[in-house]
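All residue numbers refer to positions in the sequence shown, counting from 1. Both ligands and their constituent atoms are indexed starting at 1 by order of listing.
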Amino acid sequence: MRAALLQLNSSDNPTANLNATLALLREAHAGGAQIAMTPEVTNCVSTSRTGQNAVLQDEASDQTLAAIRDLAAELGFWVLIGSLALKTNDPDGRFANRSFLIGPDGAIMARYDKIHMFDVQVSESEIYRESAAFRPGDRAVVVDTPFARLGLSICYDLRFPMLYRALAQAGAQVLCIPAAFSPVTGAAHWLSLLRARAIENGAFVVAPAQTGLHKAQDGRERRTHGHGMVIAPWGEVLLDMGRDPGVALVDLDLARVKDARARVGSLTHDRAFLPPDAP
Ligand SMILES: O=C(O)CNC(=O)[C@H](CS)NC(=O)CCC(=O)C(=O)O
């Protein structure tokens, strides 16, 4: 399976982000990719909710989704859109942070809404309240392609190992973790968490990332960590994209999943246990 990772520096301007994404998808296809994967919030990196309200669309009218479906059909290859920020018809007005797997005929083969919301205070000045703007999903998703069974997730989900356990036990061989990781937590945790998810589940981890300084129309700024990664089922780092936007190609040999799981079969050794008594 030859996969391409897109590393993006998306702004809060969906049209500019789409043009950059389409150019890189063409590059990925020219490099022989059977599937290309984009990072979280490919269409719009949030810097303010009012800003997003002005530019986001719902799924039926979103230009990014439509154009990527058209391109996938034109080129005849698969695209995992790591996520799109989309309007919903929720009464509370919150957006969805949703991944789409697009098939080579342009059809939507799977959707996944990010389950875990990034509501954290990384430092005195760096605060995120994702759940204020986004409505979390509640359904894990695996989906088959001709080359592998994929398990879907997004960014902060990475910190919840039970999600990946469920995906691997449902047969996922490739765990997809598109992200827009913060620079502080990225430097401290990103690589270790990605390697842990790969090793503990004997699965490939494919993690395309947003990178760099994201400038908003209103002058606000946000930074992300970059370092789109691919980790092998035994834990080796197969790809680290560093900090620049672009495309990288990687060949995944699915036999490595079988091999890792044959050497350490912990995926089949889970046992039920009673919770600890309160001391
Ligand atoms: O807000 C958007 O534009 C879209 N959503 C994101 O970028 C999300 C929520 S702010 N980012 C993360 O989940 C980073 C997780 C992370 O950095 C960690 O777990 O340490």
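- Heavy-atom proximity to Tyr128, at under 4.0 Å, picks out these atoms of ligand 1: 10 (S).
- Regarding atom 4 (C) of ligand 1, its nearest protein heavy-atom neighbour is Val41 CG1, 3.3 Å.
- Considering backbone and side-chain atoms together, Gln52 places no N or O closer than 3.5 Å to any N or O of ligand 1.
- Listed by number with element, the atoms of ligand 1 under 4.0 Å from a non-hydrogen atom of Thr185 are 16 (C), 17 (O), 18 (C), 20 (O).
- For atom 5 (N) of ligand 1, the nearest non-hydrogen atom of the protein is Glu40 OE2, 3.3 Å.
- Under 4.0 Å from ligand 1, the heavy atoms of Arg159 that appear belong solely to its side chain.
- In this structure, Lys87 does not pair ionically with Asp62, as no charged nitrogen and carboxylate oxygen lie closer than 4.0 Å.
- For Tyr164 and Phe160, the ring centers sit 6.0 Å or farther from each other.
- A centroid separation of 6.0 Å or more is found between the aromatic rings of His116 and Tyr156.
- When the heavy atoms of Ala188, Cys155, Gly186, Ser182 are ranked by distance to atom 17 (O) of ligand 1, first place goes to Ser182.
- Salt bridge status for Arg26 with Glu74: present, with a side-chain N to carboxylate O gap under 4.0 Å.
- Of the heavy atoms in Phe181, both backbone and side-chain atoms come closer than 4.0 Å to ligand 1.
- Looking at atom 1 (O) of ligand 1, its nearest protein heavy atom turns out to be Ser46 OG, 2.6 Å.
- A salt bridge links Glu59 with Arg111: at least one charged nitrogen is closer than 4.0 Å to a carboxylate oxygen.
- Contact between His189 and ligand 1 is absent, with no heavy atom of the residue lying under 4.0 Å from the ligand.
- We find that Glu236 and Arg256 are joined by a salt bridge, their nearest charged nitrogen and carboxylate oxygen being less than 4.0 Å apart.
- Heavy-atom distances between Arg222 and ligand 1 reach below 4.0 Å in at least one pair.
- For Lys114, every heavy-atom contact with ligand 1 shorter than 4.0 Å involves the side chain, none the backbone.
- Taken from CZ in Arg197 to CD1 in Ile177, the straight-line distance is 7.5 Å, to the nearest 0.5 Å.
- Between Asp157 and Lys114, none of the side-chain N atoms (NZ, or NE/NH1/NH2) sits under 4.0 Å from a carboxylate O, so this pair counts as no salt bridge.
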